[in-house]
Undergrad: 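Got a structure here, written out as structure tokens. Questions coming.
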Amino acid sequence: MDWIILVAVIYAGTLLYLDIFKWDWLSRHRKSRSIGLYEWIEGKWGSKGVRIIIGIAAVLIIVMGISNFLY
């Protein structure tokens, strides 16, 4: 079970890196099919809102994963 949490933390860290430093690449390679939540956030707050939501979710996953290993 711990390896699943470790994989989630690594994935979230990679996603956070892409969100902060490689947003142009990440947004270019997004699949063209419509994702309701993504489209709703982008329509309401624009691209910056999507970046903030992705960043918050990634940080939460990282913090929760690391705190799981500490306790």
Side-chain angles (χ1 to χ4, degrees):
M1 186 69 170
D2 286 338
W3 66 273
I4 294 173
I5 296 169
L6 181 63
V7 169
V9 168
I10 291 170
Y11 181 76
T14 304
L15 188 61
L16 184 61
Y17 169 79
L18 290 173
D19 182 39
I20 293 172
F21 298 110
K22 304 287 185 183
W23 177 252
D24 294 333
W25 180 85
L26 187 64
S27 63
R28 249 192 342 257
H29 288 88
R30 185 178 73 85
K31 293 191 180 208
S32 61
R33 68 178 186 185
S34 174
I35 301 173
L37 186 59
Y38 180 91
E39 300 296 329
W40 180 76
I41 293 170
E42 188 175 37
K44 188 166 182 123
W45 294 303
S47 177
K48 192 175 232 177
V50 174
R51 291 181 74 175
I52 290 170
I53 298 296
I54 289 173
I56 290 171
V59 167
L60 284 174
I61 291 170
I62 291 168
V63 167
M64 289 171 56
I66 290 173
S67 68
N68 186 36
F69 283 115
L70 295 178
Y71 295 110

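In this text, all values refer to a predicted model and were calculated from it rather than measured experimentally. Position 1 is the first residue of the sequence, and the numbers go up from there.
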Undergrad: Once rounded to the nearest 0.5 Å, what's the spacing between atom CG of L16 and atom CG of L60?
TA: 11.0 Å
Undergrad: Could you give the distance from OG (S67) to CD1 (I62), rounded to the nearest 0.5 Å?
TA: 12.0 Å
Undergrad: Kindly give the heavy-atom pair with the smallest separation between D19 and G55, and that separation in Å.
TA: OD2-N, 3.4 Å
Undergrad: Let's go through W23 and V50 carefully: what are the C-alpha distance in whole Å and the side-chain angles of both, what is the deciding distance for side-chain contact (heavy atoms from CB on, under 4.5 Å) to 0.1 Å, and is it a yes or a no?
TA: CA-CA 10 Å; W23 177 252; V50 174; 3.7 Å; yes
Undergrad: Hey, quick one: are I20 and V59 part of the same hydrophobic cluster, counting side-chain heavy atoms closer than 4.5 Å, chains of contacts allowed?
TA: yes
Undergrad: Can you name the residues that form a ring pair (Phe, Tyr, Trp, His ring centres under 6.0 Å) with W45, not counting sequence neighbours?
TA: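 Residues passing ring pair (Phe, Tyr, Trp, His ring centres under 6.0 Å) with W45: W40.
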Undergrad: Distance from S47 atom OG to D24 atom CG, nearest 0.5 Å?
TA: 8.5 Å
Undergrad: State which residues pass ring pair (Phe, Tyr, Trp, His ring centres under 6.0 Å) with Y17; sequence neighbours excluded, sorted by chain then number.
TA: F21
Undergrad: When clusters are formed by joining ILVMFWY residues with side-chain heavy atoms under 4.5 Å apart, either directly or through shared neighbours, do V9 and Y11 land in the same one?
TA: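 Shared cluster, no.
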Undergrad: Looking at every non-hydrogen atom in both residues, tell me the closest pair between A12 and I61 and how far apart they are.
TA: CB-CG2, 3.7 Å
Undergrad: To the closest 0.5 Å, what do you measure between CZ (R51) and CG (L18)?
TA: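 Rounded to the nearest 0.5 Å, the CZ-CG separation comes out at 11.0 Å.
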Undergrad: At what distance, to the nearest 0.5 angstrom, does NZ of K44 lie from CD1 of I53?
TA: 11.0 Å
